[in-house]
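Read the structure below first, then the notes.
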Amino acid sequence: MEKSDNHNKKPAPEIVTGNAKHLLNSIKNTVTINDLKEKEYAGEDLTPRERTAIINYDRYRLRILKNTSNESDFHKKYLYLQILANTKPYEEFLKPEYY
């Protein structure tokens with residue numbers, strides 16, 4: 001039987017440190033549009049603010065995609081909107097520019 005050599009191993013280096021670590025921790029605690037949509041699909045109730053954020057995001061998404069000039073532009077903007085829905089706090093979409 002082979003002996004485990006774990007006692008000689010150094011701990012793995014921390015890959016994410018400093019400001020990046022703070023950013024990742026804040027992202028983990030962020031509720032996004034996609035989080036709200038998952039909550040809604042799961043049958044959970046949304047607050048009026050959460051529902052308004054989804055409506056504003058969907059309206060904004062349609063406005064952006066309708067104003068694309070070609071297929072390449074459409075795909076770039078579609079990807080950008082997906083990133084917004086996955087990373088921005090839903091409160092962002094309560095701002096007037098998203099009405």
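For the numbers below, each heavy atom of this structure counts, side chains included, while hydrogens, waters and symmetry mates do not.
Atom-to-atom distance recorded for Thr32:OG1 and Tyr57:OH is 10.0 Å, nearest 0.5 angstrom. For the atom pair NE2 (His75) and CG (Asn70), the distance works out to 9.5 Å, reported to the nearest 0.5 Å. Expressed to the nearest 0.5 Å, how far CG of Asn86 lies from OG1 of Thr30 amounts to 12.0 Å. How far CD of Glu44 is from CG of Leu36: 10.5 Å, rounded to the nearest 0.5 Å. Taken to the nearest 0.5 Å, the CD1 atom of Ile33 stands 9.5 Å off from the CD atom of Glu50.
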(request) Decide side-chain contact (heavy atoms from CB on, under 4.5 Å) for Ile54 and Tyr90; before the verdict, give the C-alpha distance in whole Å, the side-chain angles of both, and the deciding distance to 0.1 Å. (result) CA-CA 8 Å; Ile54 289 175; Tyr90 80 88; over 6 Å; no
(request) Run the numbers on Thr52 and Leu94 for side-chain contact (heavy atoms from CB on, under 4.5 Å), then give the verdict. (result) CA-CA 7 Å; Thr52 298; Leu94 296 172; 3.9 Å; yes
(message) Could you walk me through whether Lys77 and Leu65 satisfy the side-chain contact (heavy atoms from CB on, under 4.5 Å) test, starting with their C-alpha distance in whole Å, then the side-chain angles of each, then the deciding distance to 0.1 Å, before giving a yes or no?
(response) CA-CA 7 Å; Lys77 288 181 178 175; Leu65 293 177; 4.2 Å; yes
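Counting heavy atoms from C-beta outward, Asp58 and Lys37 have side chains that approach closer than 4.5 Å.
By the 6.0 Å contact criterion, CD on Glu71 is open, its count of non-hydrogen atoms from other residues, nucleotides or ligands being 12 or less.
The minimum heavy-atom distance linking Lys39 with Asp45 is given by the pair CE-O, 3.2 Å. Nearest approach of Arg63 to Glu97, heavy atoms of both residues: NH2-O, 3.3 Å.
By the rule that hydrophobic residues join a cluster once side-chain heavy atoms approach within less than 4.5 Å of another member, Tyr80 and Phe93 end up as members of one cluster.
Between Tyr98 and Tyr60, the two ring planes are perpendicular [angle over 60°; tilted spans 30° to 60°].
Under the salt bridge (Lys or Arg N to Asp or Glu O under 4.0 Å) criterion, Arg51 pairs with Glu40, sequence neighbours left out.
In this structure, the side chain of Asn56 does not engage the main chain of Ala53 through any donor-acceptor pair within 3.5 Å. Remark: side-chain polar atoms of Tyr99 are not paired, donor with acceptor, to backbone N or O of Arg59 under 3.5 angstrom.
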